[in-house]
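Residue numbers begin at 1 in each chain, while the letters A, B, ... track the order of the sequences.
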Protein chains: 2
Amino acid sequence: MATMCNMAKTYGQHCPIARALDVVGERWSLLIVRELLLGPLRYTDLRAALPGIGTRVLADRLKHLADEGVIEMRRLPPPASADAYQLTAWGEKLRPVASALAAWGSSLTGRPRRGDARSPTSAMMALWRRALVRPRPPAGRWQLLLDGQAFELSVDDAGTMARRGESTAPDGTAALAASDAIALLDGRLTFGDAAQSGRVDLRGRMTDQVFSGLFGA
Amino acid sequence: MATMCNMAKTYGQHCPIARALDVVGERWSLLIVRELLLGPLRYTDLRAALPGIGTRVLADRLKHLADEGVIEMRRLPPPASADAYQLTAWGEKLRPVASALAAWGSSLTGRPRRGDARSPTSAMMALWRRALVRPRPPAGRWQLLLDGQAFELSVDDAGTMARRGESTAPDGTAALAASDAIALLDGRLTFGDAAQSGRVDLRGRMTDQVFSGLFGA
DNA sequence: CGGAATCCTCTTCGATACTG
DNA sequence: CAGTATCGAAGAGGATTCCG
């Protein structure tokens, strides 16, 4: 049955870690959360962002996460005629979990594996983490076009925020491939090499200095 | 085949979160790590601490975690004639991940589910988290006997540490059931009720005040 | 006795095809 | 576009057995 009782398989332990894993510990769940941490996405976008997930599993996970209150569906008004999934306030609180996992796993991304996908979202999250760790990232509203997908990184006194979508009146824009962005952040590509081969397109007040301030080692 | 290529199923993404989940994202893996965060354990102890895991899955997970460098086996000298699994230095760095997950999942443990196991380890980790969050936990080397299993919580200027095992020269000892410890920490049991029904045994300098300082709301 | 490997059944995954 | 239907392959869980 597809519509069985939704409490599929629990660890059966009264422990906050076990309970958390009952909710988001299934395969793919935390990667769905990772995608939604930068903003709402539609079903098809999620499937495209998670190569190999299989539509059945994606539907199951979305249902489970919605039942548990981690995500919710937002029905867009008629002109758009599309449903988007987004994190609830409680789901947003998974950000420290994603951050801790990313910090631990970042020791693994130095040597890339052949064939690994480099999604715009993971590139953007890596850039965000870099900006959060950095002492003084360049302030401004920076638009990033990663494989053509738009993101905004805004740095001001209130903090550093990242989200999906085009920036309204950005201070500057950088367009590059997601794989190059990741290579820059991993230190496998220098800004000089990237700029020289014309793979980075900077606009507005996104100067070399700003770009290096965001991506540099 | 049992001894197939050990890179069973990868997300195939060059993203630190995905890579981290390739290593510790499988079912049961993070609960094994949770157990080992308080100190080494033998195979049989792990199986007892994780009801429902199944010996095959436990053996597979231990092998995978060892291959990835998260845990290692320590062969005890002849008299013990037993092997213990422990975290490597890298595996120890999963502590923030466990902590973030526990913080997120703690909103789920307020209403306990019927039949949930209350393991001594999860009780001890909850107590530890409480002590870490608390402004000034009572300083000293406190021994806890949870369901008869010994733990030590040491609080001094250097910080708050928890580990499995008997304490040498503890300042005081508290013996109680793991389920009562969890109920106290969750606020479902008051110290008055627990003491009145004789379910808490305090020794040495583990006074009512100290105990309340460790477990109290 | 601790530490698994084997066997068996059941569920889940992942891929493809199909439908409102 | 957003899912459901179907199916072979892989994984989980439980009991038993084997090995040191």
Within the structure, does a side-chain N or O atom of [X] lie under 4.0 Å from either OP1 or OP2 of [N]?
X     : N     : value
A:Y43 : D:dT4 : no
A:T44 : D:dC1 : no
A:K63 : D:dT4 : yes

Provide, to the nearest angstrom, the distance between the [atom1] atom belonging to [X] and the [atom2] atom belonging to [N].
X     : N      : atom1 : atom2 : value
B:D45 : C:dC1  : CG    : P     : 14 Å
B:D60 : D:dG13 : CG    : C1'   : 12 Å
A:R61 : D:dG3  : CZ    : P     : 16 Å
A:Y85 : D:dC1  : OH    : C1'   : 11 Å
B:L58 : D:dA12 : CG    : C1'   : 13 Å
B:H64 : D:dA10 : NE2   : P     : 17 Å
B:L62 : D:dA12 : CG    : P     : 13 Å

**Partners passing salt bridge (Lys or Arg N to Asp or Glu O under 4.0 Å) against B:R141 (at least two apart in sequence or in another chain)** =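 Checked B:R141 against salt bridge (Lys or Arg N to Asp or Glu O under 4.0 Å); matches are B:E152.
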**Message:** A:E166: which residues meet the salt bridge (Lys or Arg N to Asp or Glu O under 4.0 Å) condition with it, sequence neighbours left out?
**Reply:**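 By the salt bridge (Lys or Arg N to Asp or Glu O under 4.0 Å) rule, A:E166 matches no residue at all.
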**Request:** Give every residue pair that meets the ring-ring contact (aromatic ring centres under 6.0 Å, His included) criterion with at least one member in residues 162-183 of chain B, sequence neighbours excluded.
**Result:**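 The answer is none; no pair qualifies.
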**Item:** Qualifying ring-ring contact (aromatic ring centres under 6.0 Å, His included) pairs, either residue in residues 22-63 of chain B, two or more places apart
**Value:**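 Qualifying pairs: A:Y11-B:W28.
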**Asked** Does B:D60 pair with B:R56 as a salt bridge, N-O distance under 4.0 Å?
**Response**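 B:R56 and B:D60: salt-bridged.
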**Request:** Identify, with sequence neighbours excluded, every residue that meets ring pair (Phe, Tyr, Trp, His ring centres under 6.0 Å) alongside B:W104.
**Result:**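 Per chain and number, B:W104 pairs via ring pair (Phe, Tyr, Trp, His ring centres under 6.0 Å) with A:W90.
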**Request:** Please name all residues satisfying ring pair (Phe, Tyr, Trp, His ring centres under 6.0 Å) with B:Y85, sequence neighbours left out, ordered by chain then number.
**Result:**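 Ring pair (Phe, Tyr, Trp, His ring centres under 6.0 Å) list for B:Y85, sorted by chain: empty.
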**Message:** At under 4.0 Å between heavy atoms, how does the protein contact nucleotides 14-20 of chain C? Give one character per nucleotide, 5' to 3', with B, S or -.
**Reply:** SBBB---
**Message:** For A:D116, give me all partners under side-chain hydrogen bond (donor to acceptor under 3.5 Å, both in side chains), at least two apart in sequence or on another chain.
**Reply:**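 In terms of side-chain hydrogen bond (donor to acceptor under 3.5 Å, both in side chains), with neighbours along the sequence ignored, A:D116 is linked to A:R113.
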**Prompt:** Would a distance-only check, ignoring hydrogens and angles, find a side-chain to backbone donor-acceptor pair under 3.5 Å from B:S29 to B:G25?
**Reply:**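 Pair absent, no side-chain N/O of B:S29 close to backbone of B:G25.
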**Selected nucleotide, minimal atom distance to B:R42 side chain, candidates C:dG3, C:dA5, D:dA2** =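 For the B:R42 side chain, the nearest candidate turns out to be C:dG3.
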**Message:** Angle between the two end axes of the helix from C:dC1-D:dG20 to C:dG20-D:dC1, five base pairs per end, rounded to 10 degrees?
**Reply:**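 End-to-end axis angle: 30°.
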